[in-house]
Protein chains: 2
Amino acid sequence: MTAHDVADEPRAVTYPGVQGHDGPAREEVSVGRVTLQTIADRVGVSRMTVSNAFSRPDQLSAELRATILATADELGYVGPDPAARVLARGSSGTVGVLFTQSPGAAFRDPIAAEFFASVAESLAPTGLALALLPTTNEGDLLAARDVPMDAALVYACTVDTTALDWLRRRRLPLVFVDQEAVGPDAATVLVDDRPGARAGAQHLVDLGHRRVAMLTTAYREPPGVAPDPASAGIGHVSRERVEGWMSAFVPAGVDVVAVHMNDNQEADALAAARTALALADRPTGIVCFSDLVAWAVVRVAHELGLRVPQDVSVVGFDDSALARTVAPALTTVRQDLVAKGRSTADAIRNAIAAARQGATGSPEHVLVPTALVVRDSTGPAPG
Amino acid sequence: MTAHDVADEPRAVTYPGVQGHDGPAREEVSVGRVTLQTIADRVGVSRMTVSNAFSRPDQLSAELRATILATADELGYVGPDPAARVLARGSSGTVGVLFTQSPGAAFRDPIAAEFFASVAESLAPTGLALALLPTTNEGDLLAARDVPMDAALVYACTVDTTALDWLRRRRLPLVFVDQEAVGPDAATVLVDDRPGARAGAQHLVDLGHRRVAMLTTAYREPPGVAPDPASAGIGHVSRERVEGWMSAFVPAGVDVVAVHMNDNQEADALAAARTALALADRPTGIVCFSDLVAWAVVRVAHELGLRVPQDVSVVGFDDSALARTVAPALTTVRQDLVAKGRSTADAIRNAIAAARQGATGSPEHVLVPTALVVRDSTGPAPG
DNA sequence: CTGAAACACTTGACCGGTACAGAACATCGG
DNA sequence: CCGATGTTCTGTACCGGTCAAGTGTTTCAG
């Protein structure tokens with residue numbers, strides 16, 4: 001109850017002399033905004049002591065503290081103002097998250113979502129909040145420039161973002177995920193995509209497949225068959241996977257076609273799947289950028305009357321929930337998103353700690369392992 | 001380049017007299033931290049003018065501004081300090097998000113994820129960042145108390161949370177989603193669950209079903225058959241749906257059994273499905289708290305050799321991606337999560353604007369519509 | 001030629017705290 | 001009885017900005 005009394009006073013009155021720190025304690029200070037000084041005057045102690053009552057209880061006697069807290073409650077004081085505290089302490093308890101795609105994608109893409117879920121949970125015990133920073137800058141507010149934070153996590157961003165520039169200029173400790181670090185001080189958390197992709201491709205080779213397709217993402221490239229399989233894929237993750245696949249296909253002398261799609265979305269995936277399965281020399285094995293794409297391939301194959309895996313084998317990536325859900329269950333390359341999130345949270349904490357100590361040690365670089373998971377969407381090459 | 005020069009200086013030096021605002025412009029100020037004053041001294045203008053150069057370009061001549069910006073760059077100044085700006089301006093460009101369950105759940109639960117995706121996207125043009133607030137308070141940091149924000153969104157929270165208390169005490173503008181508002185000043189965004197649920201139930205009644213089960217959530221209640229169907233369900237959403245279902249079943253004189261589960265999770269759902277389908281008098285129609293639950297029912301039915309919808313009809317809720325993906329496609333109650341997110345974003349913006357103007361108008365209350373979507377998981381009652 | 005409005009800066013106050021180095025007094029082993 | 005050590009509290013200096021109300025100048029309509 002008491003905590004509410006002051007709220008009903010009109011706001012925005014211009015502080016009636018409360019700021020005059022010199023004057024003696026007043027009896028009627030309760031008008032206007034209540035600050036540490038208001039309480040200090042009322043109780044008859046210094047402002048610093050009131051601050052300690054809230055922030056460092058061991059610095060004053062228990063009874064004085066009780067008195068101060070009681071008075072604070074009586075005056076409707078809710079505790080030190082966060083903004084002021086952030087300024088004075090130089091730390092905000094917030095970690096920014098930068099995501100080039102629309103911020104909604106962090107939630108909609110199941111892989112990103114699972115990763116962020118893990119980050120959020122690993123960070124929670126520390127009390128750090130995750131701030132999703134919009135990259136659009138329509139108004140005068142630009143989150144990457146204006147939001148106080150202790151560090152930032154940069155996830156699969158196109159490098160030339162204004163927002164990222166701001167983070168760098170602010171010299172915030174940065175952790176790059178699924179993306180090469182920009183600048184030498186930043187930590188990275190990368191997935192060991194290449195060996196994983198290679199294992200998936202080798203699996204097809206071992207099953208006797210000699211005509212294969214790779215379906216992968218390439219932002220801003222025209223969708224469809226890529227001119228050169230070896231240099232297919234745009235973006236760190238896509239490139240790594242292509243190289244992994246090729247490192248198994250090329251030595252085996254397999255025929256490879258790469259099909260590009262603009263984004264890892266259902267519509268793009270279906271289109272790419274149609275392209276691949278309509279090739280004159282239809283591939284018998286297809287490696288895909290994600291389980292989502294693999295599933296699209298399965299559906300298009302069924303549409304065309306092809307059986308999976310008897311007529312076409314399909315390998316996904318990520319081992320998302322989808323891989324186990326659909327029929328046939330997908331052979332895929334697993335990445336441990338929970339571990340990835342945890343490593344990222346650790347890297348963030350370390351980066352913050354290092355920055356606080358002014359440490360100039362080399363940044364952390366984590367590699368998250370991958371593993372092939374064989375299920376029902378792959379089988380021996382037909383014929 | 002220039003912007004980087006200063007960074008290499010050792011940090012944490014104690015400001016060598018830069019703070020002496022009185023002295024004339026110095027030529028060698030570039031040691032230590034650069035603030036507006038540093039630049040002001042160097043250029044020979046007042047600190048306020050430098051501030052304006054960054055924050056209100058229309059307040060000074062273009063050429064002076066150019067000079068100031070150039071000097072700032074030369075000194076390695078990156079722009080006004082966010083923390084200081086937040087304190088001085090009284091606004092932080094951040095909206096808190098409170099979620100009782102582990103913060104990861106915001107990403108993992110597809111319904112919540114889609115909702116937050118929409119909120120984030122609707123808020124992005126404004127430049128507002130979404131800060132996910134951990135509710136755990138292990139260390140000394142407590143986000144709900146310590147993170148500066150302009151408003152907060154409270155989503156499906158158990159009411160008696162410490163974190164929520166802090167938000168209220170801070171008198172932040174609050175928007176409650178899927179949950180009754182706590183306190184009279186808060187806005188709400190609620191889904192019109194009851195009529196939606198009713199439509200789903202009525203659909204079963206119209207198909208001739210006379211023995212039905214409701215599978216719904218009840219935190220902390222023992223899982224299994226609920227003592228009284230009419231009072232089944234715990235939590236705002238669960239209660240609303242139960243009441244909607246009952247409002248169709250009861251007048252029709254249908255036999256109703258309610259089965260509780262602790263959480264809207266796959267394992268709980270499978271258990272509840274087994275309970276329902278193992279009842280002596282097996283229901284022919286089942287209404288479910290979510291599509292996830294409905295899908296669990298479908299799978300358990302198949303396990304038991306029952307056909308859907310010939311032997312059992314199943315109605316889901318939410319119309320998530322799952323409902324269209326699985327076989328048979330689920331009859332379900334659609335809620336428009338994108339609209340819900342947009343409404344929430346609007347409510348947040350309005351709440352912030354109202355708070356700024358000290359408006360005491362009544363808070364916003366939005367009701368998001370629902371609609372029955374009939375697909376393949378429901379059919380006429382057998383026999 | 002003159003008063004009002006527009007421009008370009010400056011002044012002073014304020015935003016609401018925290019860090020750190022004392023100072024005053026009490027406790028305690030020797 | 002004395003210095004060493006603690007416990008409690010205070011003083012000063014900062015953290016780095018923004019706002020609103022001036023103060024001189026120009027500009028321009030009347």
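Residue numbers begin at 1 in each chain, while the letters A, B, ... track the order of the sequences.
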C:dT10 OP1/OP2 closer than 4.0 Å to side-chain N/O of B:Ser46: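 The answer is yes; a side-chain N or O of B:Ser46 sits under 4.0 Å from OP1 or OP2.
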
Side-chain N,O (A:Arg85) to OP1/OP2 (C:dG17) below 4.0 Å: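 The answer is no; no side-chain N or O of A:Arg85 sits under 4.0 Å from OP1 or OP2.
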
Rounded off to whole Å, could you give me the [atom1]-to-[atom2] distance for the [X] and [N] pair?
X: B:Arg47; N: D:dG17; atom1: CZ; atom2: C1'; value: 7 Å
X: A:Gln37; N: C:dC15; atom1: CD; atom2: P; value: 12 Å
X: B:Arg170; N: C:dG16; atom1: CZ; atom2: P; value: 14 Å
X: B:Asn52; N: D:dG16; atom1: CG; atom2: P; value: 19 Å
X: B:Arg65; N: C:dC7; atom1: CZ; atom2: P; value: 17 Å
X: A:Asp81; N: C:dC14; atom1: CG; atom2: C1'; value: 13 Å
X: B:Arg89; N: D:dG16; atom1: CZ; atom2: P; value: 17 Å

Locate the shortest heavy-atom distance separating [X] from [Y]; write the atom from each residue and the value.
X: B:Ala186; Y: B:Phe176; value: CB-CE1, 3.4 Å
X: A:Pro134; Y: B:Ala129; value: CD-CA, 3.9 Å
X: A:Gly96; Y: A:Leu133; value: CA-CD1, 4.0 Å
X: B:Arg349; Y: B:Thr126; value: NH1-OG1, 2.8 Å
X: B:Leu123; Y: B:Ala345; value: CD1-CB, 3.6 Å
X: A:Ala53; Y: A:Arg65; value: O-NE, 2.6 Å

Interface with DNA chain D, restricted to residues 54-63 of chain B and to heavy atoms under 4.0 Å: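 Heavy-atom contacts with DNA chain D come from B:Ser55, B:Arg56.
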
Polar-atom pairs under 3.5 Å, protein N or O versus N or O of nucleotides 21-23 of chain D: list them with distances, or write none.
none

Toward the 5' end of DNA chain D, by each residue's nearest nucleotide, B:Met48 or A:Leu64: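 Here A:Leu64 is the residue nearer the 5' end.
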
A:Phe116 ring center near B:Phe116 ring center (under 6.0 Å):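 Ring centroids of A:Phe116 and B:Phe116 are no less than 6.0 Å from each other.
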
Listed nucleotide nearest any side-chain atom of B:Leu87, set D:dT10, C:dT11, C:dG16: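 It is C:dG16.
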
Sugar-phosphate only, base, or nothing, as touched by B:Val86 at under 4.0 Å among non-hydrogen atoms: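 No contact.
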
Under 3.5 Å: donor-acceptor pair, side chain of B:Asp73, backbone of B:Leu69: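 Such a contact is absent between B:Asp73 side chain and B:Leu69 backbone.
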
